[in-house]
Protein chains: 2
Amino acid sequence: MADIDSESGRSTPRKRADARRNEATLLDAAAAAFVISGVDAPVRDIAARAGVGVGTIYRHFPTRADLIVAVYRHQVEACAQAGPTLLADSSTPHAALAQWINLFVDFLVTKHGLAEALQSDNAAFETLHAYFLDRLVPVCAQLLDAAAAAGEIRTDVTAFELLRGVGNLCIGAGAPRYDARRMVELLVAGLRHHRGGGPR
Amino acid sequence: MADIDSESGRSTPRKRADARRNEATLLDAAAAAFVISGVDAPVRDIAARAGVGVGTIYRHFPTRADLIVAVYRHQVEACAQAGPTLLADSSTPHAALAQWINLFVDFLVTKHGLAEALQSDNAAFETLHAYFLDRLVPVCAQLLDAAAAAGEIRTDVTAFELLRGVGNLCIGAGAPRYDARRMVELLVAGLRHHRGGGPR
DNA sequence: TTGGCAAACGGAACGCTGTTCCGTATCGTT
DNA sequence: AACGATACGGAACAGCGTTCCGTTTGCCAA
């Protein structure tokens, strides 16, 4: 068996044991707090839940975005990796795109406040923005290009724009009479070419 | 010449002169502050701009929603009243719907932070929610029904849902690479029946 | 014109946020 | 065991919305 240490790179000289323990505890506490109060859960709540001081949070996660990214990184990775798989397994690129967007929507609507945070222009969420975009835009672009190459959709919509639109539609999901999934379905439908076009 | 007093109803015994003056001043100040800082402009900023104390704001507008509604009431009314007009003047109900939604979008994207506030689940915005819904949902429903009766669109989308979706898409309008109008156009396009259905 | 009272005002004060900072405690090594 | 570096805790600060009450101001009646 190789090194126990998960940080096998040599650049960082390995953190103290209590630091690593606290980081893990904080991730759990934050995940729990996010479920209850959304991703805007007060810093003090998270700290109390983890049994640490607020300073410890800021030491490990300088901005709220860092904490959010750390909590959801695994799920975002899974979503990103599902893209190529879907493209290979689906009957048409457009079907793959629709399925992949469904995955993304399922992820978003179950994270209270995340969609809101994603569109926030608050500087504290810049990292969050960047991470989601870096990770998901290329995947979406690949699906979009494939569908465009197959002539299934219009070509004047960018992956960035589509993801942002989908993210926006997920804001407030869970409200009584609003079904974010249905609206996203409409948006994706609008992406298709209209057979026969509009009024002549 | 009739009564100078704009409040000709007898139910309210007519406010003091300074109170009416301050209310008008506050509306101007709030409108100006909203342009600069969005509808979340700090209460103290608005108060300072109007040259009054913060207490005066809360006396006239108990919640932020009351202030926002007061500032934008005229424009919302205009939008609501444009609905029937468009329906009468347009070639098809769907065209009228599209034009009306464009009006709504134009209004939203020029009010920094308003779309965000509209979807906020914060209790302070309940009145805002209620006002927009009361005023615009019936108008949208009329256009939607007309388009549905003409067989132009699918019938499983409610006016409430559509307005909410459009409002959501307007969040973050003004961001560099995101065109809210285009996304709304996509959504409205998705509303139409697909000629010929899916891939053969 | 003036007296008085209800209406309205101003801003200090409170509570809740995020964020910073430094004295103290702990870990790992020598 | 001792020491230095690392990490911790939480008090303290700043910015926000909101409340509250002593003071001022407008209005009307005498």
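Remember, predicted model here, so these are calculated numbers, not experimental data.
Put simply, CD1 on A:Ile46 is 14 Å from C1' on C:dT19, counting in whole angstrom units. Nucleotide D:dC13 holds its C1' atom 13 Å from the OH atom of A:Tyr58, rounded to whole Å. The distance from atom CZ of A:Phe61 to atom C1' of C:dG18 is 17 Å, rounded to the nearest whole Å.
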Kindly determine whether B:Glu23 and B:Arg59 satisfy salt bridge (Lys or Arg N to Asp or Glu O under 4.0 Å), including the steps that lead there.
-> CA-CA 10 Å; B:Glu23 186 164 327; B:Arg59 199 166 310 107; over 6 Å; no

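Side chain of A:Thr110 to backbone of A:Phe107: a donor-acceptor contact under 3.5 angstrom is found. Of the possible polar contacts, one joining the A:Glu152 side chain to the A:His94 backbone as a donor-acceptor pair under 3.5 Å is found.
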Would you mind building the protein contact string for nucleotides 10-17 of chain C? One character per nucleotide, 5' to 3', B for base within reach (heavy atoms under 4.0 Å), S for sugar-phosphate only, - for untouched.
-> BBBB---B

Mark up nucleotides 23-30 of chain D, 5' to 3', with B wherever a protein heavy atom is under 4.0 angstrom from a base atom, S wherever such an atom reaches only the sugar-phosphate, and - elsewhere.
-> --BSS---

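When the side-chain nitrogen and oxygen atoms of A:His60 are compared with OP1 and OP2 of D:dC8, one or more of them lie within a distance under 4.0 Å.
Ring-plane geometry between A:Phe132 and A:Phe104 is classed as tilted, the angle between the planes lying from 30 to 60 degrees on a 0 to 90 degree scale.
If you run side-chain contact (heavy atoms from CB on, under 4.5 Å) between B:Arg49 and each of B:Ile36, B:Thr25, B:Leu26, B:Asp28, only B:Ile36 comes through. For the side-chain hydrogen bond (donor to acceptor under 3.5 Å, both in side chains) with B:Asp18, the qualifying choice from B:Arg16, B:Lys15, B:Arg21 is B:Arg16, the only one to do so.
Remark: B:Glu161 engages A:Arg182 in a salt bridge, criterion side-chain N to carboxylate O under 4.0 Å.
Cation-pi geometry between B:Arg64 and B:Tyr58 is not satisfied (NZ or CZ under 6.0 Å from the ring centre, within 45° of the ring normal).
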